[in-house]
Asks: 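Can you read through this structure? Questions will come right after.
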Amino acid sequence: MVKRIFAWIGIALLAGVYIATFICAILATPATAGMVYASLGMTIIVPVVMWVFIRMYDRAHANDDKQISASEMRKYNKRIKAGEDPEKIAKEIEERYGVKSED
């Protein structure tokens, strides 16, 4: 989902630059040459920056599936308070998340 958001932001940025360049070209303003160079530069820079942001996001969230959320921890605690064997729950956590319980 986040990758799609980054992709849409990149598309919007590039579309905005291309539309501004097109309008400058139609109006033949003195800024037309600069806008053409800016759109050429943005055509390269925007995708590279978006790629870097997506890679940074992926690395920052690489271990999300291996972490126990607070809501899941509360569920485990409720099961222990309800009388379920804590060792059984600890083994379940170890199998599911690959973490060792602290002794």
Asks: Nearest 0.5 Å please: distance from the NZ atom of K88 over to the CD1 atom of I80.
Replies: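 Nearest 0.5 Å value for the NZ-CD1 distance: 11.5 Å.
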Asks: Can you tell me how far the CZ atom of R74 sits from the NZ atom of K81, to the nearest 0.5 Å?
Replies: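 Taking CZ in R74 and NZ in K81, the distance rounds to 11.0 Å.
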Asks: If you link ILVMFWY side chains whenever their heavy atoms are less than 4.5 Å apart, which other residues fall into the same cluster as I11? By chain and number, please.
Replies: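 W8, all in the cluster of I11.
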Asks: Taking atom CG of L27 and atom OG1 of T32, what is their separation to the nearest 0.5 Å?
Replies: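 Between L27 CG and T32 OG1, I get 7.5 Å after rounding to 0.5 Å.
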Asks: Taking atom OH of Y76 and atom CZ of R96, what is their separation to the nearest 0.5 Å?
Replies: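 Atom-to-atom, Y76:OH and R96:CZ are 4.5 Å apart.
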Asks: Identify every side-chain donor-acceptor pair in residues 39-50 under 3.5 Å, counting partners at least two apart or on other chains, and give the distances.
Replies:
residue	atom	partner	partner atom	Å
S39	OG	M35	O	3.4
S39	OG	V36	O	2.9
T43	OG1	Y18	OH	2.6
T43	OG1	S39	O	2.6

Asks: For the CD1 atom of I93 and the CD atom of E95, what is their distance to the nearest 0.5 Å?
Replies: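 Output value for this atom pair is 11.0 Å.
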Asks: To the nearest 0.5 Å, tell me how far L14 CG sits from I19 CD1.
Replies: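 Interatomic distance, L14 CG to I19 CD1, rounded to 0.5 Å: 11.0 Å.
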